[in-house]
There are 2 protein chains.
Amino acid sequence: MKHTKVIDLLNSTKTLHEVTAKGWVRTFRNNQFIALNDGSTINNIQCVVDFENTPEETLKRITTGAAVKVVGILQESQGKGQNVEIQVSKISILGDSNPEEYPIQPKKHSLEFLRENAHLRVRTNAFGAIMRVRSVLSFAVHNYFQEKGFVYVNTPIITGSDAEGAGEMFKVTALPFDKTPRTEEGTVNYKEDFFGKETNLTVSGQLEAETYAMALGQVYTFGPTFRAENSNTSRHLAEFWMIEPEVAFNDLDANMDLAEDFIQYVIKYVLEKCGDDLAFLEQRLLDEEKSKPQAERSEMSLLQKLNFVLENNFKRVSYTEAIDILRNSAPNKKGKFNYIIKEWGADLQSEHERYLVEKHFKCPVILFDYPANIKAFYMRLNDNTEPGKETVRAMDILFPGIGEIVGGSQREERYDVLVKKMHALGIEEEELWWYLDTRRFGSAVHSGFGLGFERLVLFVTGMTNIRDVIPFPRTPQNAEF
Amino acid sequence: MKHTKVIDLLNSTKTLHEVTAKGWVRTFRNNQFIALNDGSTINNIQCVVDFENTPEETLKRITTGAAVKVVGILQESQGKGQNVEIQVSKISILGDSNPEEYPIQPKKHSLEFLRENAHLRVRTNAFGAIMRVRSVLSFAVHNYFQEKGFVYVNTPIITGSDAEGAGEMFKVTALPFDKTPRTEEGTVNYKEDFFGKETNLTVSGQLEAETYAMALGQVYTFGPTFRAENSNTSRHLAEFWMIEPEVAFNDLDANMDLAEDFIQYVIKYVLEKCGDDLAFLEQRLLDEEKSKPQAERSEMSLLQKLNFVLENNFKRVSYTEAIDILRNSAPNKKGKFNYIIKEWGADLQSEHERYLVEKHFKCPVILFDYPANIKAFYMRLNDNTEPGKETVRAMDILFPGIGEIVGGSQREERYDVLVKKMHALGIEEEELWWYLDTRRFGSAVHSGFGLGFERLVLFVTGMTNIRDVIPFPRTPQNAEF
């Protein structure tokens, strides 16, 4: 008989028929009650074993982590906490789990310990919930863009262009470190490498996505991106997934509208689809915060925080306004910031962003119109700015507890201005000839942004370390699994 | 006034109101008729310019590839080929396109030429259609699995494990080729590399996906994978996207059912959603085949071929049966195969697969139960086979014109058998300790497969070179853009 998934058994309205279930034992109480989970939901189905008629040998093998098959009658439960349960008539052990050796016991494990067991941590309630939410959130991303007629574009992961400028890159090569082929001048002869040139892992698909937006109108990427930066923080990964929409004819205002609408849509989507998992994660966060001093606890619960984002517009603030607010803020005047904001032009640090979002505005904030010289070459220069106070049509979305979750801009669509900025930064035209072509042929206003997917998952799940929201995190000194 | 997308204008039932459209000029006939495209559909909207009241200077700038904004009245079209058109009252040139320089002229370009202009080729009808179909096909993949409750898993791209065994790998490193750090023995000191060990680009997410299937039940990956193989063919890419579902408690039969149902679902989905694009691609293929001798032309049109896959079950044939068929086939007896099939145990070449699919069965074929020694270590050894004739529960799906599109298997769930096979192949247990853990703790029957996404796109679009179905192909000696 084919087995039924636990989620379907729990949602079953029909009872008193024979069912088969397969899954893993979470707990086994009183030699009688198995909490069985198969990953289809955070909830377990209770399987009641007739221990008097089950061999002692079998009972002993019903241990946490063991895979079992049960056959029995689905019936209304007499116990609390569940509507239905299985009165087991037959149980088979599919795969044992030696309790002396199995690392995931029914007790609280530290997140550090679970990271070292990333192949098993998904068997816990918390990580099962996180990874189901992550999956639904991914699907919400595709749903949003596809419903709006965006075309999904797989921009290249291995890139021959090193002008993206978003950060340090990993080298991709098939050349050996020993007896590396050399040119006559003694430099590495990349002509003999697999691609006949130096190649790296992409830091962003934006430039390629722009070429597609200038043909298909509305496009988005959703793929892995990489940074070879030695940032050992709870917010950085060397390998992470990024979503990058790019839209022809959108100016910066339309870009901000899109980003805000998109974020609200995907959060609404998971709230609707992941009720059980989010309820668990909300309780998890409450429990965790109990050990913190009152002042450090969140003012809102997880669900309140998610609903708050849905119900409130993001506050749009120009960089210039933000600098004024920060300059006059208490922590700046009292010297409590590590970087004191003295004048217009300063780059904002995480502490400043957090102050604006968490203390001053107490809601998601979109900062826009940044000084040109602290932003990337491809951003649209604002018209009519004072010399020395040039700004670009950039925007960053800042979230409480997360910091920057979106970075975007209107792109410089004017060929001459773009080339001039590239020259100023020492970027060769030959390097980006294809990018420049979009401005040579049928150029138009266009805009886009990048959203770090793991930061969104962090926000939605209430987790605090980015290593806990991706299955197998890659960070400095860590590429296990 | 906000502009309306061309697809919405063309589907508009209301006429005689003012509309704004933005897009790129495909052609401009008689100084009067602009065919305007914005990528939202393969179809253009005709914009009728009042040339007598438009400055000569503007008319000259309405060239193929130019970006324009038109304002005018949407009205029923008097001409053939469209229901509605825009009677233009105002036209602005957003971005010029010098006809002397713009490579994409309204004429037939070779696919080779277009590959060299991969950043512009998507502005053609064919590549616009291909990339829209690719996008919808991606979404169909997610739809299928999410509807069935599968969890999307992002397995790592950078891997520290080199035991996947699916092919040659690219090295990922932050170490320099000059003054490479060395150990005392003189070997490269990977402890000083970014991850503190040797790392590569993944060739498959399967092993990691298995660890997730053994917790969440049903999972799938959909991400980029890599092969550093010097295969300069029309079927191979160094970077391609792969879909890998993995399901706990599925045996090989259930795995074949899943693969077949999945492929039929996604083809049905694009047939429903991409009618215009597929009709164009069908005509494109017909035109292309006109230049071929009758004998080399397809028996079926593109849409017939797609419908055929929907309406016919895939033929399931054991390896042993296939060898018998091949041994007795005319090309084998007449020595026309490059590799003559002599006996059981031979690895099948592309020519054999094509014979079975295209000549013998004339439908998609699933081959299963392959000899153990030509397949990967993780495949489930069949019970009760003769010594020397051991087979594994592997399956490959072969498609006409494409060859292998799916490779899958039931996985070896028995710890002892798996370890023995790893030893025989020289794979260290320490290397895959985490993979073995899935067999140590709660092991169970499970199965999965990998589908090369670009091969599916090839099949659906009727294209013949895999470099034409991914935006920026990566192949030996080529990583431009």
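Note on naming: letters A, B, ... go to the chains in the order of the sequence lines (proteins, then strands), and numbering restarts at 1 for each one. Just so you know, these numbers use all the heavy atoms, side chains as well, and skip hydrogens, waters and symmetry mates.
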Just give me the residue among A/Pro224, A/Gly217, A/Ala213 that pairs up with chain B most often, heavy atom to heavy atom, under 4.5 Å.
A/Pro224
Given side chains that start at C-beta, do those of B/Pro156 and A/Phe481 come closer than 4.5 Å, heavy atoms only?
no
Where A/Phe195 and B/Arg474 come nearest, the two heavy atoms and their spacing
CE2-CB, 3.8 Å
Between the side chains of A/Ser138 and B/Gln146, is a donor N or O closer than 3.5 angstrom to an acceptor N or O?
no
Would B/Asn154 and A/Arg134 count as having a side-chain donor-acceptor pair, cut-off 3.5 Å?
yes
Taking C-beta and beyond as the side chain, do A/Lys197 and B/Gln477 meet within less than 4.5 Å on heavy atoms?
no
Classify the ring geometry of B/Trp433 against A/His119: parallel below 30°, tilted from 30° to 60°, perpendicular beyond 60°.
perpendicular
Selection from B/Thr187, B/Asp38, B/Thr63 maximising heavy-atom pairs under 4.5 Å formed with chain A:
B/Asp38
Does any backbone or side-chain atom of B/Val188 lie under 4.5 Å from a heavy atom of chain A? Answer side chain, backbone, both or neither.
side chain
B/Lys191 atom NZ, neighbour heavy-atom count above 12 within 6.0 Å:
no
Measure B/Tyr415 against the heavy atoms of chain A and call it side chain, backbone, both or neither at under 4.5 Å.
neither
Identify the two heavy atoms, one from B/Val172 and one from A/Phe170, that lie closest to each other, and give their separation to 0.1 Å.
CG1-CB, 3.8 Å
Under a 4.5 Å cutoff for heavy-atom pairs, which residue among A/Thr438, A/Asn143, A/Asn230, A/Thr64 has the most contacts with chain B?
A/Asn143
Just so I understand: if I count every heavy-atom pair under 4.5 Å between each of B/Met131, B/Arg132, B/Arg414 and chain A, which residue has the most?
B/Met131
Any chance you could lay out the ring-ring contact (aromatic ring centres under 6.0 Å, His included) test for A/Phe472 and B/Tyr212, step after step, and finish with the verdict?
CA-CA 11 Å; A/Phe472 300 96; B/Tyr212 265 53; 5.7 Å; yes
At a heavy-atom separation under 4.5 Å, does B/Glu239 approach chain A through its side chain, its backbone, both, or neither?
side chain
Selection from A/Ile470, A/Asp178, A/Val153, A/Thr199 maximising heavy-atom pairs under 4.5 Å formed with chain B
A/Asp178
Nearest non-hydrogen partners of A/Val122 and B/Ala215, listed with the distance:
CG1-CB, 3.5 Å
I need the residue from B/Gly128, B/Gly149, B/Pro176, B/Gly223 with the largest number of non-hydrogen atom pairs under 4.5 Å to chain A.
B/Pro176
Would you mind checking which part of B/Arg61 comes under 4.5 Å of any heavy atom in chain A, side chain (CB onward), backbone (N, CA, C, O), both or neither?
neither
So which of A/Phe145, A/Phe226, A/Trp241, A/Phe441 has the biggest tally of heavy-atom pairs under 4.5 Å with chain B?
A/Phe441
The reported gap from CG in B/Asp437 to OH in A/Tyr102 (rounded to nearest 0.5 angstrom) is 9.5 Å
Residues forming a ring-ring contact (aromatic ring centres under 6.0 Å, His included) with B/His3, sequence neighbours excluded
A/Phe249
Most heavy-atom pairs under 4.5 angstrom with chain B, which of A/Leu94, A/Thr211, A/Thr173?
A/Thr173
Under a 4.5 Å heavy-atom cut-off, does chain A meet the side chain of B/Phe222, its backbone, both or neither?
backbone
Which heavy atom of B/Ala67 sits nearest to which heavy atom of A/Ala444, and what is that distance?
CB-CB, 4.2 Å
Check the side chains of B/Gln218 and A/Lys5 for a donor-acceptor pair under 3.5 angstrom, ignoring hydrogens and angles.
yes
Heavy-atom distance under 4.5 Å to chain A: side chain of B/Tyr190, backbone, both or neither?
side chain
Give the member of A/Ser135, A/Gly39, A/Ala248 that has the highest number of heavy-atom pairs under 4.5 Å with chain B.
A/Ser135
Region of B/Lys22 that comes under 4.5 Å of a non-hydrogen atom in chain A
both
B/Ala118 portion near chain A, given a 4.5 angstrom heavy-atom threshold
backbone
Distance-minimising heavy-atom pair for B/Lys171 and A/Leu175
NZ-O, 2.7 Å
What part of B/Trp434 gets closer than 4.5 Å to chain A, counting heavy atoms only: side chain, backbone, both or neither?
both
Within a strict 4.5 Å, meaning less than it, do heavy atoms of the A/Met214 and B/Trp24 side chains meet?
yes
Could you look at B/Thr475 and say if it's the side chain, the backbone, both or neither that has a heavy atom under 4.5 Å from chain A?
backbone
Which atoms of B/Glu116 come close to chain A, meaning under 4.5 Å heavy atom to heavy atom: side chain ones, backbone ones, both, or neither?
backbone
Flag the pair B/Phe177 / A/Phe177 as yes when their ring centroid distance falls below 6.0 Å, and as no otherwise.
yes
Any salt bridge linking B/Asp96 with A/Arg439? Criterion: basic side-chain nitrogen under 4.0 Å from a carboxylate oxygen.
no
Applying side-chain contact (heavy atoms from CB on, under 4.5 Å), run through A/Leu201 and B/Ile158 and close with a yes or a no.
CA-CA 10 Å; A/Leu201 287 179; B/Ile158 298 173; 3.9 Å; yes
Chain A contact via B/Thr155 - which portion, at a heavy-atom distance below 4.5 Å:
backbone
What part of B/Lys148 is in contact with chain A, defined as an atom under 4.5 angstrom from a non-hydrogen atom: side chain, backbone, both or neither?
backbone
